Protein chains: 2
Amino acid sequence: MTDIRAETAPGDGTPPGPSVRVARGRPRSAAADTAIIEAVLSLLEEGATIAELSMERIARAAGVGKATVYRRWAGKNALMLDVMKSVDEQTPRLAGRSVRDDLVTCVEFIRRRALVKRSSALLRNVIAQAQNEPELWAAYHDTVIAARRAQVGEVLRRGVRTGELRADIDPELLGDLFLGPMLSRSMLRPDAALPEGLSELIVDAVLQGVRAGN
Amino acid sequence: MTDIRAETAPGDGTPPGPSVRVARGRPRSAAADTAIIEAVLSLLEEGATIAELSMERIARAAGVGKATVYRRWAGKNALMLDVMKSVDEQTPRLAGRSVRDDLVTCVEFIRRRALVKRSSALLRNVIAQAQNEPELWAAYHDTVIAARRAQVGEVLRRGVRTGELRADIDPELLGDLFLGPMLSRSMLRPDAALPEGLSELIVDAVLQGVRAGN
DNA sequence: ACAATACGAAACGGTCCCGTATCGGAAATC
DNA sequence: GATTTCCGATACGGGACCGTTTCGTATTGT
């Protein structure tokens, strides 16, 4: 009655173990998996909203039958979750020399990702959808945000410990001071420029302060 | 044939002047105007996306016939433009004593507006939609963003002139340094807190710098 | 060869929406 | 009171999409 593979979304970490009945017949096409996810990202990149994406349109763009999509995911929401996992870039390696340089690396990471239309379009959509689909937001938070925030938090704590950063500022606020300028510029201002060297400017300005005479 | 009022959206600054044929018959209900716009804002506040709003649903939520909506606006896009104009709050009055205090006022304005679910939901939606509907983004930019940015820019220029702010930082970057932390926290982090006094903390930290010993 | 499963394509009945039109009643001017 | 226009409600034909099912075909293990 129930097909074990029909409930197994790609990338959910449930490969058919030896205890499960061994796969028979024609196996799922891995190309179809990637074509579908790729199609979603392309459509979002072209400016579509998640709400505007229909399963039919996704299948069409992927050059795939609708049934092939439904065979893999229960619905659009489940598909979106895997789409987000697919953009889960790993956080950058930090040199670890100075706190200042590591902060620049973190801010630069945001800038570079914003230059990838694909990522920023996805983020914008998830944010707009967040209130409606808490699961979607939770997934994005867990896969994309949490890791980076933890990394930045570590750098900041190190800075406070080594005496490079003031200890009298809430660590969370500290993170927003460094990341907020680049985040707001890249996400909230579609028309803003993101020139090379901007990350250094931001970090140094926040460190030094913008008051004249500092 | 063509009804002059049928092409006259509310709030488009085209009242029936004396040169136009005087109005006859039953006048448009102002209550319907506000009910429709109010309905859109309520639906967005409840988490809906602009793309998920249908004219039918809007009319239903407003307690209004569908024809009444179409009598006023040519389509959803035209309606959204007027919705945005309706949230066009005026920029705050600046005390003008110190640049620091005026900057706090500007940042606090962002915080207060973020606390109004109605406004933040609308902004999130417009941002997600920006790439798809450049007209929508342009309207939002003109009615909401431009005025505030001009005001902040003026304060910053004053600060540079009076010697309160460093003159060697790009003015636009300067604005992002002050506004970015509050903007990113309020728009990109649905779960973040916006406690009272946060604006002062941000402005003072950016002014003074977060480097230990400043 | 045969059974099992996946594939793309197409069709299904159903729901929602579009934008327009029509209705009887209400509210204003003439 | 007659005329004009708006009102909410409802109906219309047309279209998109939903999620499922059924094709004929392709690809695997037994």
Side-chain angles (χ1 to χ4, degrees), chain A residues 1-10 15-18 20-40 43 48-80 132-133, chain B residues 1-10 15-16 18 20-40 43 48-80 132:
Chain A
M1 186 72 86
T2 58
D3 173 16
I4 178 129
R5 276 179 291 185
E7 302 171 354
T8 300
V20 189
R21 177 163 50 99
V22 64
R24 292 183 44 178
R26 179 174 174 177
R28 292 262 172 96
S29 161
D33 285 346
T34 65
I36 293 166
I37 290 184
E38 203 66 16
V40 172
L43 290 171
T49 305
I50 291 180
E52 290 166 346
L53 294 184
S54 63
M55 296 295 261
E56 301 217 3
R57 189 175 167 193
I58 292 169
R60 240 178 295 144
V64 146
K66 211 172 22 155
T68 301
V69 183
Y70 279 107
R71 213 173 277 124
R72 288 163 164 76
W73 293 279
K76 198 168 71 175
N77 232 312
L79 170 54
M80 290 303 156
N132 235 2
E133 311 283 355
Chain B
M1 188 69 88
T2 58
D3 174 15
I4 179 132
R5 277 179 290 184
E7 300 170 355
T8 300
V20 188
R21 176 162 50 98
V22 64
R24 293 185 41 179
R26 178 174 175 175
R28 292 261 170 94
S29 160
D33 285 346
T34 63
I36 293 167
I37 290 184
E38 202 66 14
V40 173
L43 290 171
T49 305
I50 290 180
E52 289 165 345
L53 294 184
S54 62
M55 296 296 261
E56 303 217 1
R57 190 174 165 193
I58 291 169
R60 240 178 295 143
V64 145
K66 208 170 26 154
T68 299
V69 183
Y70 279 106
R71 213 173 276 126
R72 289 164 166 74
W73 293 280
K76 197 166 72 174
N77 232 311
L79 171 54
M80 289 302 157
N132 234 3

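Since the model is a prediction, treat every value here as computed from it, not as a measurement. Just so it is clear: chains get the letters A, B, ... in the order the sequence lines come, proteins before strands, and each one is counted from 1.
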request  = Tell me which of B/Thr68 and A/Leu53 sits closer to the 5' end of DNA chain D, going by the nucleotide each one is nearest to.
outcome  = B/Thr68
Contact summary for A/Ala32 and A/Arg72, nearest pair of heavy atoms = CB-NH2, 3.6 Å
note = Smallest heavy-atom separation, B/Lys76 atom then B/Ile50 atom, equals NZ-O, 3.0 Å
query = When you match A/Val64 and A/Glu56 each to their closest nucleotide on DNA chain C, which lands nearer the 5' end?
reply = A/Val64
ask   = To the nearest angstrom, how far is B/Tyr70 atom OH from D/dA11 atom P?
value = 18 Å
request  = When you get a sec, tell me which of D/dT28, D/dT4, D/dG19 is the closest nucleotide to the side chain of A/Met55?
outcome  = D/dG19
Options D/dC7, C/dT29, D/dT20, nucleotide nearest the side-chain atoms of B/Ser29 = D/dC7
message = Distance criterion of 3.5 Å, no angle test: do you see the side chain of A/Lys66 paired donor-to-acceptor with the base of C/dG8?
response = no
Sugar-phosphate only, base, or nothing, as touched by A/Ala67 at under 4.0 Å among non-hydrogen atoms = base
query = Quick one: A/Ile58 CD1 to D/dG19 P, roughly how many Å, whole number?
reply = 11 Å
ask   = What integer distance in Å separates B/Arg26:CZ from D/dT5:P?
value = 14 Å
query = Would you say the side-chain atoms of A/Ser54 pair up with the backbone N or O of A/Arg57, donor to acceptor, closer than 3.5 Å?
reply = yes
ask   = Atom CG of A/Asp33 and atom C1' of C/dA6: how far apart are they, to the nearest Å?
value = 12 Å
ask   = Does A/Asp33 pair with A/Arg28 as a salt bridge, N-O distance under 4.0 Å?
value = no
message = Measure CZ/A/Arg71 against P/D/dT22 and give the value in whole Å, please.
response = 14 Å
key: Length of the CG-P vector between B/Asn77 and C/dC18, whole Å   = 13 Å
request  = Starting from P on D/dA2, measure out to CZ on B/Arg24 and report it in whole angstrom.
outcome  = 15 Å
ask   = Can you tell if the side chain of B/Lys66 reaches within under 4.5 Å of the side chain of B/Val69, non-hydrogen atoms only?
value = no
ask   = Is there a donor and acceptor pair closer than 3.5 Å between the side chain of A/Arg28 and the base of C/dA6?
value = no
key: D/dC17 phosphate, OP1 or OP2, under 4.0 Å from A/Arg60 side-chain N/O   = yes
